[in-house]
Participant: 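Sharing a structure here in structure tokens format.
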Amino acid sequence: MAGRYRSDLKWSDVTAKADYVNRRQLMMGAGAMAIGGALAGRAQAQDDLVPNTWEEITSYNNFYEMGTGKDDPKRNASLLTTDPWSIKIDGMVDRPGTYDLGDILRGKSIEERIYRLRCVEAWSMVVPWNGFELKDLLDQVGVQPSAKYVSFETLVRPSELPGQRRNTIDWPYREGLRLDEAMHPLTLMATGLYGEDMPNQNGAPIRLVVPWKYGFKSIKSIVRISLTDKQPANSWNMLLPNEYGFYSNVNPEVDHPRWSQATERRIGGGLFAKKIPTLMFNGYANEVASMYAGMDLRKYY
Ligand code: MTE
């Protein structure tokens, strides 16, 4: 099953960094020439998984711990120390403990996964992540039969995370998944992108990536994972419960109370880029829709 998502080839194996950093521009340029117009060349089809550039992925970010502006995370990124790093794993597990990141990574096969990332704010990117399935880590610590959910917390360290000196969010940033979502083979613990270590602004040294859910579920810089039998609190739901739910599956048919979710703006598309249609479950419906069979997705938004 996992093999279906596995990719043996990494960008960094086949391309010099200078090339892949510019790859998107090159490909868009080529497309534009082929159809004879720069503007038409920018209209990206939704299923065209052309990764965004390194520059785009690392300079337009949401990471409130590093500030609320899109360019704050990059500016404040170097303040954060990510080595040493450990993750406390507790709750309904057979082997609870504080695990050093090195011990977590030992024996894990790091794969490349090229996933769409759809922010609830209606912009999107395509990111070539490197990481391992969360399931592999959960299996390592032994999930007990009573566990139904997984909760996650981000580091709290205001001395290095200037955004945490303000209470925009009740820190730590928290997120949660149902256990079947957490065990799904698409759910990734990402440790890098484009074959490089994860940049701090993208959630170094390790973050969650759940590609069929709005980006805020993909919690960054994780220091705690707990197995529980109660639905965990998640930060955006705590802040604005009428706007952000627990499930937060990408759904073009259920609008945010303040804007439509039917379309999205692909970052890097240029000034004249058309919005592209948002896909159900962000294009991963074949893989994940069965987990929500019979659920009212308007109620469980
Ligand atoms: N994780 C933490 N700890 N703090 C945050 O503010 N923002 C979320 C998510 N994870 C956020 C977070 C949101 S809203 C999005 S869209 C994605 O991270 C953005 O990931 P990126 O900056 O790597 O594109």
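For ligands, and for the atoms within them, numbers begin at 1 and follow the listed sequence.
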Participant: Give the residue, atom name and distance (to 0.1 Å) of the protein heavy atom nearest atom 17 (C) of ligand 1.
Facilitator: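 So the nearest neighbour among protein heavy atoms is Gly215 O, 3.6 Å.
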Participant: Under 4.0 angstrom from ligand 1, any heavy atom of Ser218?
Facilitator: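 Per 4.0 Å heavy-atom rule, Ser218 contacts ligand 1.
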Participant: Evaluate the side-chain hydrogen bond (donor to acceptor under 3.5 Å, both in side chains) criterion for residues Arg118 and Ser124: first the C-alpha distance (whole Å), next the side-chain angles of each, then the deciding distance (0.1 Å), finally the verdict.
Facilitator: CA-CA 4 Å; Arg118 170 54 159 88; Ser124 64; 5.9 Å; no
Participant: Tell me, do Pro128 and Ile57 make a side-chain contact under 4.5 Å, heavy atoms counted?
Facilitator: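 Yes. Closest side-chain heavy atoms under 4.5 Å.
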Participant: Before giving the answer on salt bridge (Lys or Arg N to Asp or Glu O under 4.0 Å), spell out for Glu181 and Lys217 the whole-Å C-alpha distance, their side-chain angles and the decisive distance to 0.1 Å.
Facilitator: CA-CA 12 Å; Glu181 300 174 325; Lys217 298 294 290 183; over 6 Å; no
Participant: Using 30° and 60° as the class boundaries, would you call the ring planes of His256 and Tyr244 parallel, tilted or perpendicular?
Facilitator: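 Correct class here is tilted.
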Participant: Could you pull out all residues at least two apart from Arg157 that satisfy salt bridge (charged side-chain N to carboxylate O under 4.0 Å, His left out)?
Facilitator: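 With sequence neighbours excluded, Arg157 shows a salt bridge (charged side-chain N to carboxylate O under 4.0 Å, His left out) to Glu160, given in chain and number order.
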Participant: Measure Asn61 to ligand 1 on non-hydrogen atoms and call it side chain, backbone, both or neither using the 4.0 Å cut-off.
Facilitator: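 The answer is both.
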Participant: Distance to 0.1 Å, residue and atom name: give those for the protein heavy atom nearest to atom 7 (N) of ligand 1.
Facilitator: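 Scanning the protein heavy atoms, the shortest distance from atom 7 (N) of ligand 1 goes to Asn62 O, 3.2 Å.
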Participant: Applying a heavy-atom cut-off of 4.0 Å, say which part of Tyr173 lies close to ligand 1: side chain, backbone, both or neither.
Facilitator: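 Side chain only.
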Participant: Are any of the N/O atoms on Glu65, whether in the backbone or the side chain, positioned under 3.5 angstrom from an N/O atom of ligand 1?
Facilitator: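 Glu65 vs ligand 1: N/O contact under 3.5 Å present.
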Participant: Starting from atom 16 (S) of ligand 1, find the nearest protein heavy-atom neighbour and note its residue, name and distance.
Facilitator: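 Scanning the protein heavy atoms, the shortest distance from atom 16 (S) of ligand 1 goes to Cys119 SG, 3.4 Å.
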Participant: For atom 21 (P) of ligand 1, grab the closest protein heavy atom and report residue, atom and distance to one decimal in Å.
Facilitator: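 Checking every protein heavy atom, the shortest distance to atom 21 (P) of ligand 1 gives Lys220 NZ, 3.4 Å.
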Participant: Would you say Arg207 touches ligand 1, if touching means a heavy atom closer than 4.0 Å?
Facilitator: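 Checking ligand 1 against Arg207, which is what was asked, there is a heavy-atom contact under 4.0 Å.
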Participant: Hey, does Leu155 have a side-chain heavy atom less than 4.5 Å from the side chain of Leu80?
Facilitator: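 In contact.
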